[in-house]
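Below, read A as the first sequence line, B as the second, and so on, with proteins coming before strands; counting in each chain starts at 1.
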Number of protein chains: 2
Amino acid sequence: MSTRNHTRQMLIETTAKLLQNQGYNATGLNQITQLSGAPKGSLYYHFPEGKEQLACEAVSHTKNVTLANLRSVLDSKADATQAVQELLMVLAEQVDRENAELGIPIGVIAHETAGSNENIRKACCGVYNAWIGEFENKFVACGYAPEEAKEIAVSINALIEGSMIMCLTQRDSAPIRTAAKLVPRLLQP
Amino acid sequence: MSTRNHTRQMLIETTAKLLQNQGYNATGLNQITQLSGAPKGSLYYHFPEGKEQLACEAVSHTKNVTLANLRSVLDSKADATQAVQELLMVLAEQVDRENAELGIPIGVIAHETAGSNENIRKACCGVYNAWIGEFENKFVACGYAPEEAKEIAVSINALIEGSMIMCLTQRDSAPIRTAAKLVPRLLQP
DNA sequence: GTCTATAGCGGGATAGAC
DNA sequence: GTCTATCCCGCTATAGAC
């Protein structure tokens, strides 16, 4: 029973990491099984619907992990502006540290599958909505009106996503740092 | 000579469209040749280095097309804030109209290849820089200080890119419309 | 310049022993 | 539950006739 869960979990975590760095189409089942140490046979035992199911569960797993991180960073500062800026600085340092082998949690797969795979698209949708909800809660807690909090949350999430793509493409943390500088404008009352 | 150019051009334009909607890894050479009406033999005649070269030229072609559109929209309004909002409204209408089969010009391929293909990565980098330059010029022309103009340009580009990904993932133009609402905050002096 | 045929590889998925 | 062997397919790339 614990073996079952362990193998399953390894497959999900390995897939999550590969999806983040390479995307859905570039990530093969062979690579997943080799890296996770699990045999291909057991992959289809644990995920009878194959690659799509595995990807959905990996995205869902990523959602849980990133949401916990996001919450903890946002909670580290009482002020909304400072909290968002702190988050962007954490991301900027990630870019500087990992540079080439960095990925945005679900950016690539969300982009790739938006028009071609409904199940994965919905899973990614759930991640974005969860992130936005987290920002929203923070802003409401800081006194923003509910409607305004939601709008700012959506655009903060978009700004981060777009800035990170540019960071990856340019191999430079400048875009996310620039975004951090402009956050006060977006968050002003 | 004109045949040569015509076939070449068709291949580039077809590839550009497919890359936009499906990304690099999901787009096959067979699909490109079939859709463009060109035979596979002639593909390798025109692009001896194969898929990578074709993709680079397609990205470069997309750069020219999008840059002309961007410039024309930004020029349609004298005021910087109104010009950017106009652009976002054009994009929102595109999302509403095409919904499923919409793509961001180079978003997917930029994301996919950032960590795995230097040539394509650089080509995408060139597109983002060109777009940012266009915004920058507009803002400088509207009286912003050069440094501030550049910073805002970078973040506007990021906001658009991120909002569009969310639009595609959610199949809804709301995120880009929300961004439009918040543009005045980013652009305020 | 154009086209066909095919090589060579890796992908996802399956069958069946253990 | 695990593992191997294998099927079938589509991909990129190439060879060579025309």
Is the shortest side-chain N/O distance from [X] to OP1 or OP2 of [N] below 4.0 Å?
{"X": "A/Tyr45", "N": "D/dT2", "answer": "no"}
{"X": "B/Asn30", "N": "D/dG10", "answer": "no"}
{"X": "B/Thr7", "N": "C/dG1", "answer": "no"}
{"X": "A/Tyr44", "N": "C/dA13", "answer": "yes"}

Output the rounded distance in Å from [atom1] ([X]) to [atom2] ([N]).
{"X": "A/Lys40", "N": "C/dA15", "atom1": "NZ", "atom2": "C1'", "value": "13 Å"}
{"X": "A/Leu54", "N": "C/dG11", "atom1": "CG", "atom2": "P", "value": "15 Å"}
{"X": "A/His46", "N": "D/dG1", "atom1": "NE2", "atom2": "P", "value": "8 Å"}
{"X": "B/Phe47", "N": "D/dA13", "atom1": "CZ", "atom2": "C1'", "value": "16 Å"}
{"X": "B/Gln53", "N": "D/dA13", "atom1": "CD", "atom2": "C1'", "value": "14 Å"}
{"X": "A/Asn117", "N": "C/dG12", "atom1": "CG", "atom2": "P", "value": "13 Å"}
{"X": "A/Asn25", "N": "D/dT12", "atom1": "CG", "atom2": "P", "value": "12 Å"}
{"X": "A/Gln34", "N": "D/dT4", "atom1": "CD", "atom2": "P", "value": "12 Å"}

Would [X] and [Y] count as having a side-chain donor-acceptor pair, cut-off 3.5 Å?
{"X": "B/Tyr128", "Y": "B/Glu161", "answer": "yes"}
{"X": "A/Gln188", "Y": "B/Gln188", "answer": "yes"}
{"X": "A/Thr178", "Y": "B/Glu151", "answer": "no"}

ask   = So do A/Asn30 and A/Lys40 actually touch side chain to side chain, heavy atoms under 4.5 Å?
value = yes
ask   = If you check every side-chain atom of A/Lys51, which of D/dC3, C/dG12, C/dT2 has the closest atom?
value = C/dG12
key: From D/dT2, C/dT2, C/dG12, nucleotide with atom closest to A/Pro39 side chain   = D/dT2
remark   = Assign each of B/Ala38 and A/Glu52 the nucleotide of DNA chain C bearing its closest heavy atom; nearer the 5' end lies the nucleotide of B/Ala38
key: From B/Asn119, B/Thr15, B/Val127, B/Leu54, residue fulfilling side-chain contact (heavy atoms from CB on, under 4.5 Å) relative to B/Val59   = B/Val127
query = What nucleic acid atoms does B/Thr33 come within less than 4.0 Å of, heavy atoms only: base, sugar-phosphate, or nothing?
reply = nothing
